[in-house]
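No hydrogens, no waters, no symmetry mates; every other heavy atom, side chains included, goes into these values.
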Amino acid sequence: MLTAIDVNGQAFGDRVSSTVPTLAEAAELGDLHEADYVVAGRDGGDAVTLYGRDAGGSWSVITADVHAETAEEVCLWFDLTQHYRGRSSVGTAPGGQAGHPLDHVSTPEGGQLAAARAISLVVERIRARRLDYPTQGLAADRFEAGWSVYAPVDIDESDPMAFLDMPVGRSVFLVSDIGRVKEVSSSIPPQQAEEMFRAEEAYVRRRPAEEGFMAGLRDEVMRLDSASEGPAGISSFTIDAPTEEVLAARASRLLDPIAQQLAVLGPPGWDRFVAAFSFTVSGEVAQLRFWCGNTSTDVLVPEQIAVLVRRQRHLAAQMPAGPWWRLLLAVSHSAGTDARITTEYDYGDQPFPDDHLLAPEHYRDDLAAYPRAHTPAWLFEHAAAAAGFDPAHRTALRETGATSGRPDSRQDQPARPPRRPEPAPRPAAAAPGPRNASPASTPPQDPMRAVGPAQPDPVPVLDTTVGWTHLHADPRVITYGRKSIALDDVEWVGYSATRIAEKRFMFPTLYDNKWDFRVGRYPYNGGPRVDVRFSKGGRRADQPEEWIFLVNLARHYLEPRLLAELVARVRRGETVTVGGSLEVSQGGIACAKPQLSLPWESISAPQLYNGMVCVSQVGVEKPVLTVPLSHPNAALIPDLLAALTS
């Protein structure tokens, strides 16, 4: 039985066939009735196949051999990604049914998100991704699904040419009531961006069709009863909660469409793939790798599929164990055989791989949106980081194993026992370690004195005064006067040493010796930071012991983390900026001033000379770019480029 339908499930016409329909036959029926969807299945059977027409008018199989309720889920997702453009574009459907299922979003159980919290989530996003965007003076405007957060622009309305100074394409951040943050461009009409964001939230958080129907029936029955003039005939209308088996089945059934959508992304002839999703409400990591024999290929997961995965996680959150922290899928396929799918919900029994571990604030956001009674001790400790908990308290939690432990009766996939698939191998990163200077990278006039790596016991501590200002530094925190910053929060580091000589006739040469050390968070101009400056005039002076301590503290306890984070971001496909101007991506390096763009194969190993990082092109003697070591994270450039070309 083939039935042409719309996104609401309204049937326009059907056709009976004695054989399995082809894509052309399904498209013909849909075109005949001007419908975007056709569902096909055996009369009386449970499994159906959904066909759909995309925004360009092409027909395809959206999902095959799935439960009818799952086909409704996928049909709504496909319509969201292909056809939905907001309430204004949705009229009355044929047959008199008005509107779209995603026109309204429900308020979460915790209520609406506060404006201050929405702004703080955006500030965390800006800092985590090192965005060139203000973090002070942000404004928040309310819309149905959450908040629109942006940096206001002051324009002189009395100047008719002032509009020329308005930034074009500047980011606006949409924040949902459960904490999801999405960055959009201001070049998109605000209403359109907000309505699409609201529809995404409505899809992820909507009630399943069966529960929505029963809730609507209850409301209508109670309304009619209350409107009747006679005595009340119905005193209550109770809907039984779905059983654990029903909840698990709903979540499990949506995994097949996800795997089918991922399979379309693979190269021709692939025989297996592995996908890993590490999701919270405010942060996501998605990895996908295909194999053709012994050859593997990494593929980016589109945002549209991420929406479907979010929906699956929301359904899984209704189970007693709560939402998974990681979803692992492994699919193998050979010619002439059915694909074999292995899946696992990871609830954090073991610590996650580094490239799957999100920042602590993302887990705190998720625990607020989906409260759960059982959180592994290591994850609780990680989520507590930078949230005001004393490090000793977090260590005590880890050592005592303070956790409620997830219940043994984990609700996973009832149809197939979960197995842990082999994680997709990631490119090997250079192991960060103490950055010991070598003859090849040490400048002839390098002001840095070689100091051996700090020993774990005793912990190195500097507690002194510089002038009249107190200075304290250890592997956890640096405090100078009234300013303080934890090393775990530092996003950039810079240090420099300069010596200017002044020669005077018949008098001894005088020197102006300066040593600077800086650490802070982005944005570079405006974010929290600690600056320590040492200076000495007169004769030629050696480096202060305090400055040497700070530099080596950064090399051993700070720079390895910063380097590993930069390497991971580039390998995920991001472009990072180091040294204030050098952009590094998977394709190579680029700079706006001086303007250059070089692929990896044409870059020589950077050298340090006279307080500068010198970047050269193969075959060219003169450096094409010099970056002062005082610039943010300039000291990481040699190791970063070496790690990405290894």
Side-chain angles (χ1 to χ4, degrees), residues 1-84 90 93-95 97 100-102 199-200 202-204 206-210 212-213 249-266 302 304-312 314-315 329 331 338-339 341 415:
M1 177 70 71
L2 286 79
T3 306
I5 61 173
D6 68 359
V7 68
N8 291 289
Q10 175 76 25
F12 301 139
D14 53 42
R15 178 182 300 170
V16 178
S17 174
S18 59
T19 59
V20 177
T22 64
L23 177 61
E25 291 172 338
E28 179 185 6
L29 180 64
D31 292 339
L32 176 64
H33 296 280
E34 299 181 353
D36 288 328
Y37 304 100
V38 171
V39 62
R42 294 183 181 275
D43 190 16
D46 293 331
V48 299
T49 295
L50 177 67
Y51 304 85
R53 174 168 38 199
D54 63 21
S58 299
W59 283 84
S60 63
V61 176
I62 304 176
T63 186
D65 297 326
V66 297
H67 191 275
E69 183 179 324
T70 304
E72 293 179 11
E73 289 275 1
V74 179
C75 181
L76 190 55
W77 163 79
F78 187 84
D79 202 79
L80 167 67
T81 60
Q82 294 295 321
H83 301 296
Y84 190 81
V90 180
Q97 190 167 6
H100 193 283
L102 302 182
E200 292 172 2
Y203 173 70
V204 171
R206 66 186 289 269
R207 286 181 173 179
E210 180 182 348
F213 171 79
R250 282 177 182 166
S252 177
R253 288 196 295 253
L254 202 53
L255 294 172
D256 282 342
I258 292 174
Q260 292 170 7
Q261 291 295 324
L262 293 173
V264 178
L265 304 176
Q304 294 92 329
I305 296 181
V307 174
L308 191 60
V309 176
R310 288 185 208 125
R311 173 60 175 171
Q312 196 280 336
H314 180 76
L315 293 176
L329 294 173
V331 177
D338 293 333
I341 304 176

Working to the nearest 0.5 angstrom, can you tell me the gap between [X] [atom1] and [Y] [atom2]?
X	Y	atom1	atom2	result
T3	Q10	OG1	CD	12.0 Å
L315	L254	CG	CG	6.5 Å
N8	E72	CG	CD	10.5 Å
R250	Q312	CZ	CD	13.0 Å

Considering non-hydrogen atoms only, spot the tightest contact between [X] and [Y] and give its length.
X	Y	result
S17	L2	CB-CD1, 4.2 Å
P302	L265	CD-CD1, 3.6 Å
P21	Y51	O-OH, 3.5 Å
E25	R15	O-NH1, 4.1 Å
L29	A4	CD2-N, 4.0 Å
A35	I5	CB-O, 3.4 Å

Any non-hydrogen side-chain atom of [X] less than 4.5 Å from a side-chain atom of [Y]?
X	Y	result
L329	I258	yes
R311	R206	yes
F78	Q261	no
I341	D256	yes
L76	Y203	yes
I62	C75	no
V66	P257	yes
T49	D65	yes

Please check if the side chain of Q82 supplies one atom and the backbone of A55 the other of a donor-acceptor pair under 3.5 Å.
yes
Under a plain distance cut-off of 3.5 Å, with no hydrogens placed, do H100 and D79 share a side-chain donor-acceptor pair?
yes
D36 meets the side chain to side chain contact (heavy atoms under 4.5 Å, CB included) criterion, sequence neighbours left out, with R53, H83
Of all residues at least two apart in sequence or in a different chain, which pass the side chain to side chain contact (heavy atoms under 4.5 Å, CB included) check with A306?
F279, E284, E303, R310
Within 6.0 Å of CG in D46, more than 12 heavy atoms from elsewhere:
no
D31 and W59: side chain to side chain donor-acceptor pair (under 3.5 Å), yes or no, with the steps?
CA-CA 10 Å; D31 292 339; W59 283 84; 3.2 Å; yes
Does the pair L80 and L102 meet the rule for a side chain to side chain contact (heavy atoms under 4.5 Å, CB included), with working shown?
CA-CA 8 Å; L80 167 67; L102 302 182; 3.9 Å; yes
Check against side chain to side chain contact (heavy atoms under 4.5 Å, CB included), I305 and L262:
CA-CA 8 Å; I305 296 181; L262 293 173; 4.0 Å; yes
